[in-house]
Structures are given as C-alpha cells and as structure tokens.
There are 2 protein chains.
Amino acid sequence: MEKIDLPRRTVYRLSLYQRCLQKFRETGVETVSSEDLAGAAGVKPTQLRKDLGHVGQFGTRGLGYGVTTLSEAISGILGLSILQPVVMVGVGNLGSALLRYGGFRREGFEIIAAFDSDTEHVKSTTEEMGVPVLPVDQLAAYVQTHGVRVAIIAVPEAAGQSVADDLVEQGVKAILNFSSAVLSVPEGVMVNQVDLAAELGSICFFAS
Amino acid sequence: MEKIDLPRRTVYRLSLYQRCLQKFRETGVETVSSEDLAGAAGVKPTQLRKDLGHVGQFGTRGLGYGVTTLSEAISGILGLSILQPVVMVGVGNLGSALLRYGGFRREGFEIIAAFDSDTEHVKSTTEEMGVPVLPVDQLAAYVQTHGVRVAIIAVPEAAGQSVADDLVEQGVKAILNFSSAVLSVPEGVMVNQVDLAAELGSICFFAS
DNA sequence: TAGATTGTTAATCGATTAACAATC
DNA sequence: TAGATTGTTAATCGATTAACAATC
C-alpha cells in the first residue's frame, strides 16, 4: 500500500463522492461526468477533477467516469474496501445516537464495540444498541486485541485527553473527537475535531 | 448593528474563544494573554490576535485581555448576548441526542421547539425532551410567529431540501444541516453542513 | 526605564477556480 | 471528423504564520 499524502479537504470530499457514487450505482447509472457527480456532491466539477487528479486517472475523456470503477477506487484509497472496525468511547446522548444511527456500515466501517465509565449505562444499553457496550477499563485491552486503529470519542470534556492517551498508546491512528477537549496527540495520529456547540454558535453570527 | 464581514473560520474560532473565556471566568481569572487563551482553544497566539484584529481592539499591550470584557465583546459580535432562539427539525436519533445534550444554553442559544413528521414520535418525546415537540406541519407557522432565524436540520436526506425551503421562506437565515442532503438556498442564507459519515470516512484514510 | 504583549503588516502556505490542451 | 469531457497547468483566492514596531 503506497502512502499517498492528500489534503484534508480532498479526503473529506472523496468520502462524499463515494456516497454519491453508491447512490448512482443503486439507480443503475453506469457512467457519470464530472459535472453530474460534482453536482450530486455539491461541489464544482473542476474541484472534483482536481481531487481525483491527486490520486490517479479514472475517467475517459469525452465520456466520464465508470461508476463502479471509480467507487471501488475511492474505497481503496480511503481504506474502506475492507470493513473498518471502529470503537466508540462514551455512550451518553451523542454516543448512543451515533450507535443507533447505523448508516455507517454502508459507508464501509462498523462500530464493533462501545465503552462507558458508567456501569449502569453499560448494563442498560448493551442490548438496545446492537453492539456490545463494555466498561471503559476494558478499552485498552480490547483495542489491542482487535487491532483497532480508528476511534470515536464522545465523552465529557474532562475525560477526553485521558481517553485519547489510552487509545493512542494501544495503536489507534485516527480519532474523531466530539468532546470539546482540545486533544494533544503525537505526530502521526490524526484527530478530527467536531465541535457541535461551536458549530451552532458560529452560524448564529450569520443570522444577524 | 454594523454588519461586519468575517471569514467563516474566524467566526468558528470566536465561538471557541468564547467558551474558553467562560471557563477562565468561572475560575476567577481576570486577565489572559493571547498565549494563554490560544493555548486553551488549541490555536496559535498569532492566529487569535489576527482573529480579534478583524473585529476591533480589546487588549492592553504588555498585559493581555480582560476576560469579562473580551467575553462580552465576542458574545455581542456573534449575536449571542441575547439568548438566540433555535428550532430543531427532526427528532430521530441525532436530533433527540442534540436536544438532550442541553449544554447549548450556556453557549447563548436555546432550542425552543422541535418538529417531527412521525406523530408517534411527537407524542412520546415531548415530555422527556424538555422542549415541545410538534408535528412538522406546524413548523412554518411557528417559525414565523416566533421570529426564529436559526434552525437545525436533522431529518433524513430525502426530506432535507423541502424542510430548508420552508425554513427559508419563513425568514430563517442560518441553518446547521446534519442531513446529508446538499441544500440549495438563496443568497444571504448561511448553511453549515456537518456530515458525520463523511467525517468518519475521511479519518479512516489517515489510519492507514 | 525595562519587560511584556498587543495590533498589524508582510510572507507563506494551501486550497479553489479558470482555462485549455489532450484525447476519447 | 466533430463534440464532449477529462487531466493538468497557471491564476486566484483566502487563510495561516512570522516578524516587529507600537505601547502599556
């Protein structure tokens, strides 16, 4: 596996394209132009082509892109051609909502286990979530034995950093962080911060 | 109210600074340097100063920023000095998680009502959510009579655009969109797309 | 005055868009 | 061949960082 270096935003959009391609596939479309696909993803055609240009040549001039071919190519690039195992830490409001959401599997990853420090929480949620919910003190061991490399953090701010430390120590390489904690991680680990309150706060500005 | 034009990212970070300042305030700190505050927010001091430079002069050279003064100034800029009323459309997994989350109020906005198309949903959730959950066909009227300008969309993709159209028609100016629908809105309406699946998909790339 | 720290300008960086030659 | 559409280069744009003079 060649390690390509891609701009963050490009990676994000590849993920978008991938979902659109799946939809095209389901409706039986076999070929799309950069204009069609970009339209579906909400970006400019020229940007789509630029993004794809970073990783290879997939189209046929005058014709467009083969839906299946491109979709599989992108899956490969994102590392989603094999189902990616993900753990979830924190099963509060947001964590459990994400667990129930479910649509993830279609995207090429699967939340294989969730963890929480609240024992009551652990017991009451295990069945209704569809994934095992375990006490957080089993997190490290689990991550190690299952070779997990991707994690979602949805714990209160105060616990964020220590959870991240544990994860990184066991080999996790990418973290999607919903806690408002600012995580510091070593070089080579990617953190993607999603700060819902700040997101909402910032749109309020544009309403005035 | 002068209408300032700020870079999106700057607005987002102002929201971050604001939260950090509140924490400083709670712990009795009266003055912070750009280094302290930037550290707390996870950005570079120079960026913080640049961001603030967009909107005015709040500091004292050699000393730093007054916590309270700066905090109130930012609230004013973001339009959060008065509690901002927000409606939520869609009370599925994600929507209800956000409703329960609650931490929003401290940030200066309040979800005053939620809407859903599923009548069962409406009934069963109203009490447990702490806000009225109403049938979606009352959305337009409610938004208009309450002068709501900010909305959160957490409905399935297929319904996203039509909900957005209704909101915009009734005067909503800013939308935080959690549906994966690519919304098209008229000039002057701000949409902030948060695509959780794409977010997760894109970090997977960095794990390989 | 000396030390600290802001506000701001200039330099850098990265990402988006436009334009067009290559080619199916 | 003519029409369409890609792949890629160059131009633009916006955002981040470095540097430093202003000043408390």
Side-chain angles (χ1 to χ4, degrees), chain A residues 4-17 20-21 24 29-67 69-71 73-74 77 182 190 192-193 198 202 205-206, chain B residues 4-17 20-21 24 29-67 69-71 73-74 77 182 190 192-193 198 202 205-206:
Chain A
I4 345 158
D5 194 26
L6 294 177
R8 268 180 104 110
R9 306 307 313 281
T10 294
V11 174
Y12 177 85
R13 284 189 300 263
L14 286 174
S15 190
L16 250 43
Y17 303 151
C20 295
L21 286 165
F24 279 119
V29 179
E30 284 174 5
T31 301
V32 281
S33 65
S34 60
E35 183 156 356
D36 294 342
L37 182 51
V43 304
K44 297 238 162 77
T46 187
Q47 178 153 75
L48 163 65
R49 297 205 298 274
K50 184 86 214 238
D51 285 336
L52 295 178
H54 278 112
V55 286
Q57 299 187 179
F58 306 98
T60 311
R61 292 168 199 231
L63 243 153
Y65 301 88
V67 169
T69 329
L70 185 56
S71 169
I74 294 180
I77 292 152
V182 175
M190 167 61 67
N192 207 342
Q193 179 91 12
S202 70
F205 169 78
F206 297 100
Chain B
I4 345 158
D5 194 25
L6 295 177
R8 268 180 103 111
R9 302 310 310 282
T10 294
V11 173
Y12 177 85
R13 284 188 301 262
L14 285 174
S15 190
L16 249 43
Y17 304 150
C20 296
L21 285 165
F24 280 119
V29 179
E30 283 174 5
T31 301
V32 281
S33 64
S34 60
E35 184 156 352
D36 294 343
L37 182 51
V43 305
K44 297 238 162 75
T46 187
Q47 178 152 74
L48 163 64
R49 297 206 298 277
K50 185 86 215 240
D51 285 335
L52 295 178
H54 278 111
V55 287
Q57 299 188 179
F58 306 99
T60 312
R61 292 169 201 230
L63 244 153
Y65 302 89
V67 169
T69 330
L70 185 54
S71 170
I74 294 180
I77 292 153
V182 175
M190 168 61 67
N192 207 340
Q193 179 91 12
S202 70
F205 169 78
F206 297 101

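Computed from a predicted model, the values in this text were never measured in an experiment. Throughout, a chain's letter reflects where its sequence line sits, starting with A, and its residues are numbered from 1. Because only heavy atoms are used, hydrogens play no part in the values below, and waters and symmetry mates are left out as well, while side chains stay in.
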Say you draw a straight line from CG of B:Leu48 to OH of B:Tyr17; how long is it, rounded to the nearest 0.5 Å?
5.0 Å
Any pair with a residue in residues 35-46 of chain B that passes side chain to side chain donor-acceptor pair (under 3.5 Å), sequence neighbours left out, goes on the list, sorted by first then second residue, please.
B:Ser33-B:Asp36
Which residue pairs pass the salt bridge (charged side-chain N to carboxylate O under 4.0 Å, His left out) test with at least one member in residues 7-16 of chain A, sequence neighbours excluded?
A:Arg13-A:Asp51
In terms of side-chain heavy atoms of B:Thr46, which of D:dT17, C:dT16, C:dA15 is nearest?
D:dT17
Return whichever of A:His54 or B:Val32 has its heavy-atom-nearest nucleotide of DNA chain C closer to the 5' end.
B:Val32
Take A:Leu14 and B:Ser202 through the side-chain contact (heavy atoms from CB on, under 4.5 Å) test and state the conclusion after the steps.
CA-CA 8 Å; A:Leu14 286 174; B:Ser202 70; over 6 Å; no
Can you check the A:Glu35 CD to D:dG7 P distance for me, whole Å?
15 Å
What integer distance in Å separates A:Arg13:CZ from C:dA15:C1'?
8 Å
In numerical order, the residues of residues 36-45 of chain B whose heavy atoms come under 4.0 Å of DNA chain C are none
Go through the structure and list residues passing side-chain hydrogen bond (donor to acceptor under 3.5 Å, both in side chains) with A:Tyr65, not counting sequence neighbours.
none
Under-3.5 Å N/O pairs linking protein and nucleotides 20-24 of chain D:
unit_1 : atom_1 : unit_2  : atom_2 : d
D:dA22 : N3     : B:Arg61 : NH1    : 2.8
D:dC24 : O4'    : B:Arg61 : O      : 3.4
D:dC24 : O2     : B:Arg61 : O      : 3.3

Taking CZ from A:Arg9 and C1' from D:dG14, how many angstroms apart are they, rounded to a whole number?
13 Å
Could you pull out the protein-nucleic contacts involving nucleotides 9-11 of chain D (nitrogen or oxygen on both sides, under 3.5 Å)?
none

B:Leu52 CG to C:dT5 P: how many Å, rounded?
16 Å
Integer-rounded Å distance: C:dA18 C1' and A:Gln47 CD:
13 Å
Looking for any heavy atom pair under 4.0 Å, which part of the strands does B:Gly53 touch: base, sugar-phosphate only, or nothing?
nothing
Rounded distance (Å) that lies between atom P of C:dG14 and atom CG of A:Leu6
14 Å
Grab the two heavy atoms, one from A:Val182 and one from B:Gly42, that are nearest each other, plus how far apart they are.
CG1-CA, 3.7 Å
Who are the side-chain hydrogen bond (donor to acceptor under 3.5 Å, both in side chains) partners of A:Gln193, not counting sequence neighbours?
A:Asn177
Suppose we screen for side chain to side chain contact (heavy atoms under 4.5 Å, CB included). Which residues come up paired with B:Ser71, at least two apart in sequence or across chains?
B:Gln18, B:Leu21, B:Arg25
Mind checking side chain to side chain contact (heavy atoms under 4.5 Å, CB included) for B:Ala198 and listing every partner two or more places apart, or none if nothing turns up?
A:Tyr12, A:Ser15, A:Leu16, B:Asp195
What is the separation between atom OH on B:Tyr65 and atom P on C:dA4, rounded to the nearest whole Å?
17 Å
Without decimals, in angstroms, what is the distance between B:Leu48 CG and C:dG7 P?
9 Å
Name all stems that contain residues of DNA chain D, defined as runs of 3 or more consecutive Watson-Crick or G-U wobble pairs, both distances under 3.5 Å.
C:3-24 with D:3-24
My understanding is that only residues two or more places apart in sequence, or in another chain, count here; which of them pass side chain to side chain contact (heavy atoms under 4.5 Å, CB included) with A:Arg61?
none
